[in-house]
Amino acid sequence: MSGALGARKLRGGRNPQPRRALPSAHYRDRTETTESFSLDFTAVEENMDNFMTQVKNLAQSLYPCSAQKLDYEMKLHFLENTSVTCNDGTPAGYYLKESKGSRRWLIFLEGGWYCFNKENCDSRYETMRRLMSSSKWPQTKTGTGILSSLPEENPHWWNANMVFIPYCSSDVWSGATPKTDQNDYAFMGSLIIKEVVKDLLTKGLDNAKILLLSGSSAGGTGVLLNVDPVSELLEELGHTNIQVRGLSDSGWFLDNKQYRCTDCVDTINCAPTEVIKRGIKYWGGVVPERCRQAYEGKEWNCFFGYKVYPTIKRPVFIVQWLFDEAQLTVDNIHLTGQPVQEGQWRYIQNLGTELRNTLKDVPAMFAPACLSHEFITRNYWTDVHVKGTSLPRALHCWDRSLQENSRNNKSPPKGCPVHLIDSCPWPHCNPTCPTIRDQSTGQEMNVIQFLMHMGFDVQKMAHQQGMDPSKLLGMLSSGS
């Protein structure tokens with residue numbers, strides 16, 4: 001749901017790490033036919049990074065010129081089935097970077113909020129057209145985070161076939177309604193995903209071993225709604241050997257009470273349940289069959305992670321900041337440079353507690369106590385740790401545990417955790433959280449400055465307790 005948040009951002013994120021220069025256009029545009037050797041790296045587990053470094057070094061020493069021709073870009077393809085479209089009737093599509101030697105496929109669903117009636121969809125079309133139309137999509141895209149082809153930015157998935165599906169349906173990837181004389185807009189998010197999968201079967205997906213359906217924000221909710229239907233589609237088409245899994249980032253929203261109730265006039269101020277109740281009717285939204293049966297007549301429940309998750313059959317890994325900015329925005333906590341009031345501070349802490357409670361029975365997840373939104377495509381996604389483990393490492397452990405399970409039902413490998421949630425009680429009590437910036441000055445803030453900005457006087461409280469502020473911070477971080 002990132003689109004509308006830009007104006008409200010409190011956080012800046014880390015300084016981007018230096019990226020390796022992309023190949024020059026001179027090399028990218030040359031189409032040379034080279035002999036290709038199919039290698040399957042899926043089974044290489046222990047010391048994968050070391051192994052891949054050796055392979056790369058060997059390749060570069062044998063073919064020093066070829067290293068320059070590596071192409072890191074995903075290329076735009078429009079759907080074969082032109083009846084499945086974006087909101088405005090332009091063709092839907094996807095970006096693909098093939099990795100011929102790999103049988104692992106990663107499909108990513110973009111986020112960007114939604115609209116739920118003619119008025120706010122018209123307004124969205126005026127201000128955020130690329131989220132409703134493909135008319136101005138660029139020909140190529142470079143993947144970042146888990147979509148990066150650089151091993152140093154993406155240690156365990158860099159060699160996969162990468163697919164990015166731009167979000168142009170405004171329906172949390174749930175709609176199945178075409179544009180007609182009666183409907184000003186098409187809402188076909190769920191159909192777009194299925195058509196992309198069908199197209200990819202002709203481009204190598206038919207030979208896949210693992211398909212990871214991932215997404216951030218509205219795309220993260222889209223993963224929860226579509227991971228079972230995608231798997232069922234592949235089974236219907238005879239591809240029963242492809243293991244479909246989900247990775248849902250920043251899409252686990254709570255249908256909680258707002259801090260301050262407001263009228264439901266636009267996407268930002270509308271309470272979470274109200275917006276989905278209206279949206280699902282307007283979009284002709286579809287939810288997975290098992291969830292539909294569990295909430296017959298109240299299908300809007302299926303858009304909330306803790307309600308849909310127990311009905312999902314395929315394995316799903318949940319990534320969720322405990323203090324998600326999009327959740328706070330719809331709950332009417334607007335962090336716009338004014339110190340928060342005590343009531344807001346309590347509300348924010350309670351949100352972390354509520355979220356933690358909904359995640360406690362989820363076996364595979366990563367939940368840092370940070371104030372942020374979206375994670376897996378950020379270039380700092382390797383830097384944030386929960387209990388000493390990074391997200392790429394946790395996903396690697398999850399991969400291994402699923403492989404072991406399919407072989408002999410063993411428990412996850414020792415020293416390889418997959419259930420990671422911060423226990424400290426307030427935003428940014430985890431020292432590896434992304435950097436925060438003061439919205440008015442752009443200056444980076446340390447944790448004490450941030451807490452004081454949030455209305456929490458660390459120094460005053462430490463003075464009252466007769467202790468050093470950093471000692472108090474340490475105690476708060478450990479939750480004691």
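The figures here come from the full heavy-atom set of this structure, side chains too, leaving out hydrogens, waters and symmetry mates. Along the sequence shown, the residues carry numbers beginning at 1.
For the pair R314 and E235, the salt-bridge criterion is met [side-chain N within less than 4.0 Å of a carboxylate O]. Note on D399 versus R245: salt bridge recorded, some NZ/NE/NH1/NH2 to OD/OE distance being below 4.0 Å. Look at E110 and R130 and you find a salt bridge, because one of the NZ, NE, NH1 or NH2 atoms lies within 4.0 Å of a carboxylate O, short of that distance. Salt bridge E98/K100: present, at least one basic N to carboxylate O contact under 4.0 Å.
Residues P368 and Q320 come closest through the heavy atom pair CD-O, 3.6 Å. Nearest heavy-atom pair, L76 versus P138, reported as atom, atom and distance to 0.1 Å: CD2-O, 3.6 Å. The two residues L351 and Q327 have their closest heavy-atom pair at CD1-CG, 3.8 Å. Contact record, L131 with N87: O-OD1, 3.7 Å, taken as the closest heavy-atom pair. Nearest approach of I318 to V316, heavy atoms of both residues: CD1-CG1, 3.8 Å. Closest non-hydrogen pair, F366 versus A394, comes out as CD1-CB, 4.4 Å.
Partners of S174 by side-chain contact (heavy atoms from CB on, under 4.5 Å), not counting sequence neighbours, listed by chain and number: D171, L225, W283, F303. Residues meeting the side-chain contact (heavy atoms from CB on, under 4.5 Å) test with E354, sequence neighbours left out: L254, N256. Listed by chain and residue number, W398 satisfy the ring pair (Phe, Tyr, Trp, His ring centres under 6.0 Å) test with F317 (two or more places apart in sequence, or in another chain).
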Problem - Residues Y380, T432; criterion side chain to side chain contact (heavy atoms under 4.5 Å, CB included); working and verdict - result: CA-CA 10 Å; Y380 56 72; T432 67; over 6 Å; no
Problem - Residue pair L200, I107: steps toward the side chain to side chain contact (heavy atoms under 4.5 Å, CB included) verdict - result: CA-CA 10 Å; L200 292 173; I107 295 179; 3.7 Å; yes
Exercise for the section: Could you give me the CA-CA distance, side-chain angles and deciding distance for T90 and W137, then say whether side chain to side chain contact (heavy atoms under 4.5 Å, CB included) is met? Expected result: CA-CA 11 Å; T90 52; W137 288 353; over 6 Å; no
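Counting only N and O atoms by type, the side chains of D331 and Y347 include a donor and acceptor under 3.5 Å apart. The closest side-chain donor-acceptor pair between D255 and Y306 falls under 3.5 angstrom. One side chain, S133 or D88, offers a donor N or O that lies under 3.5 Å from an acceptor on the other. In this model, a donor atom of one side chain and an acceptor atom of the other lie less than 3.5 Å apart for S99 and N159.
D249 places a side-chain N or O within 3.5 Å of a backbone atom of F375 that can act as its donor or acceptor partner. Judged purely by atom type and a 3.5 angstrom limit, T377 has no side-chain atom pairing as donor or acceptor with the backbone of G145. Panel note: side chain D422, backbone N430; no donor-acceptor pair is recorded below 3.5 Å. Listed for the H428 side chain is no donor-acceptor partner under 3.5 Å among the backbone atoms of T435.
Ring centers of F253 and F304: at least 6.0 Å apart, outside the cut-off.
In the displayed structure, K281 atom NZ is contacted under 6.0 Å by at most 12 heavy atoms of other residues, nucleotides or ligands. The number of heavy-atom neighbours closer than 6.0 Å to NZ of K313, taken from other residues, nucleotides and ligands shown, is 12 or below.
Rounding to the nearest 0.5 Å gives a distance of 7.5 Å between NZ of K97 and CG of N161.
When each of V308, N226, I280, L224 is paired with V287, the side-chain contact (heavy atoms from CB on, under 4.5 Å) condition holds for I280 and for no other.
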